[in-house]
> 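One structure follows; several queries about it will come next.
The basis for the numbers below is simple: all heavy atoms, side chains too, and nothing from hydrogens, waters or symmetry mates. Here is the naming used below: chain letters follow the sequence lines, and residue numbers restart at 1 for every chain.
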Amino acid sequence: MALRFHNTLTGKTEEFVPLRSGEVHMYVCGVTVYDRSHIGHARALVAFDVIYRYLQFSGYEVTFVRNFTDVDDKIINRANERGISAEELTDTYIRDFNSDMQALRCLPPTHEPRATQHIPDMLTLIQELEAKKLAYAVDGDVYYAVDRFAAYGKLAHRRLEDMEAGARIEVDERKRHPMDFALWKSSKPGEPAWDSPWGKGRPGWHIECSAMSSKYLGQPFDIHGGGADLIFPHHENEIAQSEGAKGCALARYWLHNGMVTVEQEKMSKSLGNFLTIEAALSKVSTPEVLRQVLLSSHYRMALDFSTQKLAEAEKGLARIYKTLARADEAIGASNNGDRLAESAHINRFREAMDDDCNTPRALGMIFDGVREMNRALDGGQIPEVAVLRSEIAKMGGVLGLFQEPPAQFLEHQKQTGLAEASLTPEAIEALIDERAAARKEKDFQRADEIRAQLAEQGIVLKDSLTGTTWTVR
RNA sequence: GGCGGCGUACCCAAGUGGCUAAGGGAGAGGUCUGCAAAACCUCCAUUCACCGGUUCGAAUCCGGUCGCCGCCUCCA
């Protein structure tokens, strides 16, 4: 089966055929850097990171562009509040963003352009629109004339007339049409400003994506992605700008991820229910746990975030890593199953991923593989184990999961759990020694007392031929 | 008001015309163990919000009802 994506533009799931064979050009809307990124951003970033990885896995050469919006009202206001420059503010949050991305194992895109570094490209584009009478200037501002673009509303599947009816639109007398949007805004004193044919000012929000996407990817390009909340107006306006100016399509496949909700409500600052990536990561033993949660539901569905989901993902990941650790021990460092032909697992994984990047189904395949691997381990079938181990590594590579050495993951989880318990490893070891002595004396009553005592404090003992080891919870 | 989506077991979550409704978590029993843990095995939805219809056959298509969510304003 061929790779298929759900395309917002057509409302259908379609086979993916890139413009140029073997190459994919993809643009994803990044973040506005005026604050820490939250788990809603993480959802979008991870979703498209997996799509990026899977396209590469499928043999495509991918050019992936993701922007930083580093000029906008929120940035200016926040910088003023703090008495720092907009640039200082955005530099700080770009650094934080990068560290979040690294933690979440998101691969760096091919290009990460910043809006402020592409002002001339935007000015050129606005002038093209003005020349085509798709834009008009009023007192140093420039607006896009939506009713001059016949296809306006085609992405969001709305008609201009319908939007006016119930919409909460601020009436701006200077606009020719209530839905007209700013391409260029005149600046007040003290605000970041660039020279333009219309006087000092700064770009509107949507124009940067139109300018930067075509600059790095050409037009049309293959895939344009972002959160579902960007469909209207942001992406609709990008289409109006780019297609209006160039007379050809902007992008062919429009992909949108679903929103993250908390207790059934979308995260937002006003509701006070947003959770930063940093805060979410502080609740888990390793960042992969958050990534696992994010990939446990299909990228287009709404995802209701909860600490329960984190806990379940933590257990699921631990199950996988435990098996991988067993496998690595059984196989030994030298041996590997890479040379062996791909088996049914990889093919079923591909089928799941080909189906609009169905990561929950793909994870199901992986858990199937894990069970099979444990069975092979129990049965001492090492060659089978080696093949499965290599397959799971490959599938994990596409999802950006199971990338840690298993022993390291398990140790990490142990440490995290231990931090919540009130015991030191030394104290635990001492009790284990005492228990070992008791067991040697066949004093099982005392031995069981120690087990129970530790269990009460969340420490689980595991006896084996080589001695007793412990884990948390 | 317009547009879009969702409602599947105790919880999470795939499946969108036809073999036994994936997978994970929780729970129950078993194998193993001095006892445990882990792992494995078995069980855990004759049923997919509800009501009609189409069909040889529907969770899946069509119509309607109820409930929830998102967008239409800055938003990933």
> On a plain distance test, is the side chain of A/R159 in donor-acceptor contact with the base of B/C3 below 3.5 Å?
no
> Could you please spell out the steps behind the side-chain contact (heavy atoms from CB on, under 4.5 Å) verdict for A/D354 and A/Y54?
CA-CA 9 Å; A/D354 276 350; A/Y54 187 62; 2.7 Å; yes
> Would you measure the distance from the C1' atom in B/C41 across to the matching atom in B/G53 and give it in whole Å?
45 Å
> I need the CD-P distance between A/E449 and B/A36, as an integer number of Å.
16 Å
> Output the rounded distance in Å from CD (A/E441) to C1' (B/G34).
15 Å
> Would you mind checking if A/R446 and A/E449 are paired as a salt bridge, meaning a charged N to carboxylate O distance below 4.0 Å?
yes
> If you compare every side-chain N and O of A/K266 against the phosphate oxygens of B/C71 (OP1, OP2), does one of them come in below 4.0 Å?
yes
> Please report the distance separating the P of B/G7 from the corresponding atom of B/A13, rounded so that it comes out in whole Å.
9 Å
> Does a side-chain N-to-carboxylate-O contact under 4.0 Å join A/R375 and A/E384?
no
> How would nucleotides 17-29 of chain B be written as a contact map, 5' to 3', with B for base contact, S for sugar-phosphate-only contact and - for no contact, using protein heavy atoms under 4.0 Å?
-----BSBSS---
> By nearest heavy atom, map A/F232 and A/A447 onto RNA chain B; which one lands nearer the 5' end?
A/A447
> Just the rounded figure in Å: distance from P of B/G4 to NE2 of A/H256.
15 Å
> Could you give the distance separating B/C71 and B/G27 at their P atoms, to the nearest angstrom?
37 Å
> Does NZ or CZ of A/R158 lie under 6.0 Å from the centre of the six-membered ring of A/F232, at an angle within 45° of the ring axis?
yes
> Quick one: the side chain of A/D304 and the base of B/C69, do they pair up donor-acceptor inside 3.5 Å?
no
> Give me the distance, rounded to whole Å, that separates B/C72 from B/U16 when you measure between the P atoms they each carry.
31 Å
> Can you find a donor-acceptor N/O pair under 3.5 angstrom joining the side chain of A/N358 to the base of B/G15?
no
> So, does A/D141 use its side chain to make a donor-acceptor pair with the main chain of A/K185 at under 3.5 Å?
no
> Return the set of residues passing salt bridge (charged side-chain N to carboxylate O under 4.0 Å, His left out) with A/R319 (not counting sequence neighbours), or none when no residue passes.
none
> Considering heavy-atom distances to RNA chain B, does A/M259 or A/D448 have its closest nucleotide positioned more toward the 5' end?
A/D448
> Using the C1' atom on both, measure B/G18 against B/U55 and round to a whole Å.
12 Å
> Can you measure from CD (A/E208) to OG (A/S213) and round to the nearest 0.5 angstrom?
10.0 Å
> Under 3.5 Å, is there an N or O donor on one side and an acceptor on the other linking the side chain of A/R435 and the base of B/G34?
yes
> Can you confirm if the aromatic rings of A/H118 and A/Y216 lie within a centre distance of less than 6.0 Å?
yes
> In whole Å, what separates the P atom of B/A38 from that of B/G29?
15 Å
> Exactly one of A/E404, A/H412, A/R291 should register a side chain to side chain donor-acceptor pair (under 3.5 Å) with A/T286. Which one does?
A/E404
> Stem ranges for RNA chain B, with three or more consecutive Watson-Crick or G-U pairs under 3.5 Å?
B:1-7 with B:66-72, B:10-12 with B:23-25, B:27-31 with B:39-43, B:49-53 with B:61-65
> If you measure from the P atom in B/G30 to the same atom in B/U46, how many Å do you get, rounded?
25 Å
> Pick one: which of A/T416, A/L310, A/V472, A/L317 meets side chain to side chain contact (heavy atoms under 4.5 Å, CB included) with A/S285?
A/T416
> Rounding to the closest angstrom, what is the interatomic distance between B/U73 and B/A21 at atom C1'?
42 Å
> Is the distance from OP1 or OP2 of B/A76 to the nearest side-chain N or O of A/N257 less than 4.0 Å?
no
> Whole-Å distance between B/A38 P and A/R375 CZ?
19 Å
